[in-house]
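Single-structure report; data block below.
Just so it is clear, the values below take in all heavy atoms, side chains as well, and ignore hydrogens, waters and symmetry mates. A note on names: the letters A, B, ... follow the listed sequences, proteins ahead of strands, and every chain is numbered from 1.
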2 protein chains.
Amino acid sequence: MTLKAQFDHTNCAECPIRHRAVCAHCEKDELEELESIKYYRSFEAGQTVIWSGDPMNFVGSVVSGIASLTQTMEDGRTQMVGLLLPSDFVGRPGRENAPYDVVATTDLVMCCFRKKPFEELMVTTPHIAQRLLQMTLDELDAAREWMLVLGRKTAREKIASLLSIIARRDASLHSSGTVGPIVFDLPLTREAMADYLGLTLETVSRQISALKKDKVILLESKRHVTIPDMGRLMEEAGDDSDGGFLV
Amino acid sequence: MTLKAQFDHTNCAECPIRHRAVCAHCEKDELEELESIKYYRSFEAGQTVIWSGDPMNFVGSVVSGIASLTQTMEDGRTQMVGLLLPSDFVGRPGRENAPYDVVATTDLVMCCFRKKPFEELMVTTPHIAQRLLQMTLDELDAAREWMLVLGRKTAREKIASLLSIIARRDASLHSSGTVGPIVFDLPLTREAMADYLGLTLETVSRQISALKKDKVILLESKRHVTIPDMGRLMEEAGDDSDGGFLV
DNA sequence: AGGGTACTTTGACCGAAATCAAATGGAAAC
DNA sequence: GTTTCCATTTGATTTCGGTCAAAGTACCCT
């Protein structure tokens, strides 16, 4: 696939940052500059992409798989603070060190750019910073939405919230309509869900069982979820029905 | 005070955005453009600056006082998702509507810029976007640090975390050294602290009493706090002693 | 000084989620 | 087939923080 072929506004799965952060307005030579500092990295499920505090010499985005941002306390308590799905951006232009662990939750492929030249490109190509600002504001909104979940929702509402987020992301990825039942595979273990929700894995399991008993969700297997009525799930999540979630 | 007089790298309390987002690199005519779209707004404690979902036709920053960003569920549960202290930025260039309530926690003065022209200025003045990106990344880090507090810390640790944040912000504002006891007035009611921490006001009160009994903090009055040993407080907060908190 | 109001503290009790513990299920390895 | 390993479920019990209720305190306003 040539550069030119990718340079349109259709979804560019191979290298989302080019599409999302650059394509919309950029010129060909910028694309080539990006191309020259780009490389791919693959990780197996469970591998750590980078440890909190370590120097981080790249920025990039998720091509396939799921990565999580995790904070850990000395005594081992952990809180997931971000869930990175395909096309999500990772990295802090202008920062030396990673502020939290980045862990591959599933097998993972990332598209990376060396940080120094990327930062230089940001200076000469203003709309990259503008696009990154928009993406960061989206992440900030998602983080703050999550603060409400963590601080004020019950265990049942937390589970419903997480399921509705994953369902919505999944549905938008497959560009299926918003009507009818939604079916997807949970990409997270019960423990990972607990880490995201500030719960224990036992509580996660219990609440999933409860939602299943109440027919809010259907489980073919432990990971395969069907949501017969998205509105019902969002009621359970305590969201108003329009729901502006982003992750 | 003339424009020129403000155009240096000393702290510019009157209009922090100019200093923080623009001053470092900008040219005089940009300052004048900013000046022409700038206005001030004052609020009394308790007033709402803007409601979630309402169109927001300005961006700006806090000049004096404290504002809070608050999410509310239909049944009245509320979670504070951000605490805006002097020099903090408010607003989302490129967004139409406010994503959450902004409330004046104390009497508040804001320095605002009309959004449309500010956005236009962002296009012609690239370093504004770059500076805003840095500020937004800081906010994102703070939000994620807060997610750990909300999700995994005990009530006592939550209180200690909040006190250490406020203490640190206060100390840096007064540019006092990092040694010796820290003294400050709590700018928040017990209820506001509870909203920030995902607790009830009774629990906040109890934990403050407990920290006082254990001599982690001293209270001259209900709002006047002395922290004899910052390291001790941060231990109570469950942070490692170096502590990279930002709010 | 008195009285009102808003903020804060304290107490008694309860319940949701954590903890501790054991059993079940399912897939890969032998 | 069966053994092993891991993820998950389920059960029993404990505990932390919430809820409900009542005082206590400080400040403002005539």
Side-chain angles (χ1 to χ4, degrees), chain A residues 44-46 73 75-79 105-107 149-163 185-214 217-225 236 238, chain B residues 44-47 66 73 75-79 103-107 149-163 185-214 217-225 236 238:
Chain A
E44 288 176 23
M73 295 172 69
D75 61 8
R77 280 177 283 177
T78 65
Q79 176 66 51
T105 297
T106 64
D107 289 350
V149 174
L150 289 171
R152 292 299 182 193
K153 291 194 178 180
T154 65
R156 173 185 264 243
E157 290 170 335
K158 285 179 176 182
I159 297 290
S161 297
L162 179 57
L163 290 176
D185 283 304
L186 270 178
L188 303 175
T189 66
R190 301 293 188 258
E191 188 178 21
M193 295 175 71
D195 282 345
Y196 207 128
L197 295 165
L199 298 171
T200 60
L201 67 99
E202 293 96 327
T203 298
V204 170
S205 178
R206 273 185 250 273
Q207 296 300 334
I208 287 180
S209 297
L211 289 174
K212 177 184 168 188
K213 186 164 72 65
D214 297 343
I217 61 175
L218 308 175
L219 291 181
E220 320 277 298
S221 72
K222 294 175 193 307
R223 295 287 193 91
H224 194 74
V225 181
E236 291 284 355
Chain B
E44 289 176 20
Q47 270 193 298
I66 294 185
M73 294 172 69
D75 61 6
R77 281 177 282 177
T78 65
Q79 175 66 50
V103 182
T105 296
T106 64
D107 289 349
V149 173
L150 288 171
R152 293 299 183 192
K153 291 193 177 180
T154 65
R156 173 184 263 245
E157 289 169 335
K158 285 179 176 181
I159 297 290
S161 297
L162 180 57
L163 290 176
D185 284 304
L186 270 179
L188 303 175
T189 66
R190 301 293 188 258
E191 187 179 21
M193 294 174 72
D195 282 345
Y196 208 128
L197 296 164
L199 298 170
T200 60
L201 66 98
E202 293 95 329
T203 298
V204 170
S205 179
R206 274 185 251 271
Q207 296 299 334
I208 288 180
S209 297
L211 288 174
K212 177 183 170 190
K213 185 164 74 64
D214 296 344
I217 60 174
L218 308 174
L219 290 182
E220 321 277 297
S221 72
K222 294 174 192 310
R223 296 287 194 91
H224 194 75
V225 181
E236 291 285 354

For A/Gln79 versus B/Gly151, what's the shortest heavy-atom pair and its separation? OE1-CA, 3.4 Å
Does a side-chain N or O of [X] approach OP1 or OP2 of [N] to a distance below 4.0 Å, or not?
X        : N      : answer
A/Thr189 : D/dA7  : no
A/Thr200 : C/dA18 : yes
B/Thr203 : D/dG17 : no
A/Ser205 : D/dT9  : yes
A/Ser209 : D/dT10 : yes

Pairwise side-chain contact, B/Leu163 with B/Leu211, heavy-atom cut-off 4.5 Å (strictly under): yes
If you take atom types as modelled and just measure distance, does the side chain of [X] reach the base of [N] with a donor-acceptor pair under 3.5 Å?
X        : N      : value
B/Arg190 : D/dT25 : no
A/Arg223 : C/dG26 : no
B/Arg206 : C/dG11 : yes

How many Å lie between CD on A/Glu202 and P on C/dA17, as a whole number? 14 Å
Between C1' on C/dA17 and NZ on A/Lys158, what's the gap in Å once rounded to a whole number? 9 Å
Quantified as the angle between the terminal helix axes (five pairs each), what is the overall bend of the helix from C/dA1-D/dT30 to C/dC30-D/dG1 to 10 degrees? 30°
